[in-house]
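Below, all heavy atoms of this structure are taken into account, side chains as well, without hydrogens, waters or symmetry copies.
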Amino acid sequence: MTSQTEKYAAFKALHEAEGAFVMPNPWDAGSAKMLANLGFGALATTSAGLAFSLGKRDSAAALTRGEVLENARAIVEATDLPVSADLENGFGDLPEDCVKTVRLAAATGLAGGSIEDATGRSDDPIYAFEPAVERVRAAAEAVRDLPFLLTARAENFLWGRPDLDDTIRRLQAFERAGADVLYAPGLPDLDAIKTVCDAVSRPVNVVMGLSGPVFSVDALSRAGVRRVSVGGSFARAALGALRQAAEEVLNKGTFTYSRSALPDTEAARLTADRR
């Protein structure tokens, strides 16, 4: 098995290479093995994909810290690839909550993880500026000497607050607070993405596959992006195929979906340990 330190070094090197790399989001050990066998160089967990698999909503209130870290550990142990985790808002409002979460995350063998500035409360969705920065600063200090790459997320655009200036202000402050990677999900277009990348000096993550426009890896690279994730969209793609197959059987009584299904031998090969 590759050590956590080796995984961290490989993960860091991906961020330092030219152009953008894609870090897809498996939701369990089997999907992690499949993505590793297909040739990706790093993986990330997905709170949405995990929630779907547990029959829950995607929210910090629905998923516990324990559930998220148990899922992360299963994905970490499934492959030798570096794995970064979606750690929600640190599962609490206080900087101390973020510290506890990132330390526990590092103890699972993760090579990184993200802390967001969303509160999880619809009536007050984004932490005020200073508390948001202090939460990132505390998390960064907690993993300073650990093989753990910290991503800080500014969530304005996911919560109906399309304020690019405030988003950049937050990302710049997160960078100064010690975040290794910066992330503002939901940016509306390539111009906004390029503006964010130009405004900071740390690697920027962009998520593709959500609602709204999608751009190629080449286009994102030219805009300055270093890392591309897919959030829960791979899990939703799998669920879409499942629904299509189920509705065919239920409504038509036919089974033609099986013609496009992955053959058993191929599924077994792609979800086996890499040799």
Side-chain angles (χ1 to χ4, degrees), residues 1-4 6-11 13-15 17 19-56 58 63 67-86 108-114 149 205-210 214-218 220-221 227-249 254-275:
M1 292 292 291
T2 306
S3 73
Q4 184 177 8
E6 290 170 324
K7 291 179 181 180
Y8 168 78
F11 196 36
L14 287 171
H15 292 80
F21 72 97
V22 179
M23 179 182 70
N25 303 69
W27 55 95
D28 61 10
S31 56
K33 288 183 179 182
M34 182 173 184
L35 293 169
N37 283 325
L38 286 169
F40 289 99
L43 304 173
T45 68
T46 161
S47 61
L50 172 60
F52 300 150
S53 72
L54 296 175
K56 296 185 175 185
D58 175 26
L63 294 172
E67 286 173 325
V68 166
L69 293 180
E70 180 183 0
N71 173 252
R73 185 185 297 277
I75 291 172
V76 166
E77 293 176 352
T79 85
D80 284 336
L81 296 183
V83 180
S84 183
D86 178 353
T108 69
L110 286 159
S114 63
L149 211 67
N205 183 97
V206 167
V207 62
M208 287 287 106
L210 303 183
V214 292
F215 310 104
S216 69
V217 175
D218 285 345
L220 292 169
S221 291
R227 189 176 85 188
V228 183
S229 56
V230 300
S233 65
F234 274 18
R236 289 188 290 105
L239 289 173
L242 174 61
R243 183 177 73 173
Q244 186 175 3
E247 288 180 342
E248 179 194 347
V249 174
T254 59
F255 302 86
T256 63
Y257 71 87
S258 60
R259 297 171 186 164
S260 59
L262 200 64
D264 182 78
T265 54
E266 186 69 358
R269 182 185 71 81
L270 286 173
T271 55
D273 291 335
R274 291 203 293 181
R275 300 299 180 190

**Request:** Give a yes or no on whether the backbone of L210 and the side-chain of S233 come within a donor-acceptor separation of less than 3.5 Å.
**Result:** no

**Request:** Apply salt bridge (charged side-chain N to carboxylate O under 4.0 Å, His left out) to E248 and list each qualifying residue two or more places apart in sequence or on a separate chain.
**Result:** none

**Prompt:** Is there a donor-acceptor pair under 3.5 Å between the side chain of T254 and the backbone N or O of T256?
**Reply:** no

**Asked** Looking only at heavy atoms, which two atoms of D273 and K33 are closest? And how far apart?
**Response** OD1-NZ, 2.8 Å

**Request:** Look at the side chain of Q4 and the backbone N and O of A111, then say whether any donor-acceptor pair between them is shorter than 3.5 Å.
**Result:** no

**Complete:** When every non-hydrogen atom of A42 is compared with those of P24, the smallest separation belongs to O-CD, 3.4 Å

**Item:** M23/L14 under side chain to side chain contact (heavy atoms under 4.5 Å, CB included): CA gap, chis, key distance, verdict
**Value:** CA-CA 10 Å; M23 179 182 70; L14 287 171; over 6 Å; no

**Request:** Using the six-membered ring wherever Trp is involved, compare the ring planes of F11 and H15 and label them parallel, tilted or perpendicular (cut-offs 30° and 60°).
**Result:** perpendicular

**Asked** Take atom CD in E266; do more than 12 heavy atoms of anything else shown fall under 6.0 Å from it?
**Response** yes

**Complete:** Correct closest heavy-atom pair for S31 and P26 would be OG-CB, 3.3 Å

**Prompt:** Using a distance-only test with no angle check, is there a side-chain donor-acceptor pair under 3.5 angstrom linking D218 and S221?
**Reply:** no

**Item:** Check: R269 side chain, N37 main-chain N or O, donor-acceptor pair, under 3.5 Å
**Value:** no

**Asked** side chain to side chain donor-acceptor pair (under 3.5 Å) with S229: which of T46, N25, N205?
**Response** N205

**Message:** Taking W27's backbone N and O only, do any of them form a donor-acceptor pair with N71's side chain (distance below 3.5 Å, no angle check)?
**Reply:** yes

**Request:** First locate atom CG of D86, then atom CG of L50, and finally report the distance between them rounded to the nearest 0.5 Å.
**Result:** 9.5 Å

**Prompt:** Taking everything shown except Q244 itself, do over 12 heavy atoms lie less than 6.0 Å from its CD?
**Reply:** no

**Item:** Of all pairs that satisfy salt bridge (charged side-chain N to carboxylate O under 4.0 Å, His left out), the ones with a partner from residues 42-56, not counting sequence neighbours
**Value:** K56-E67

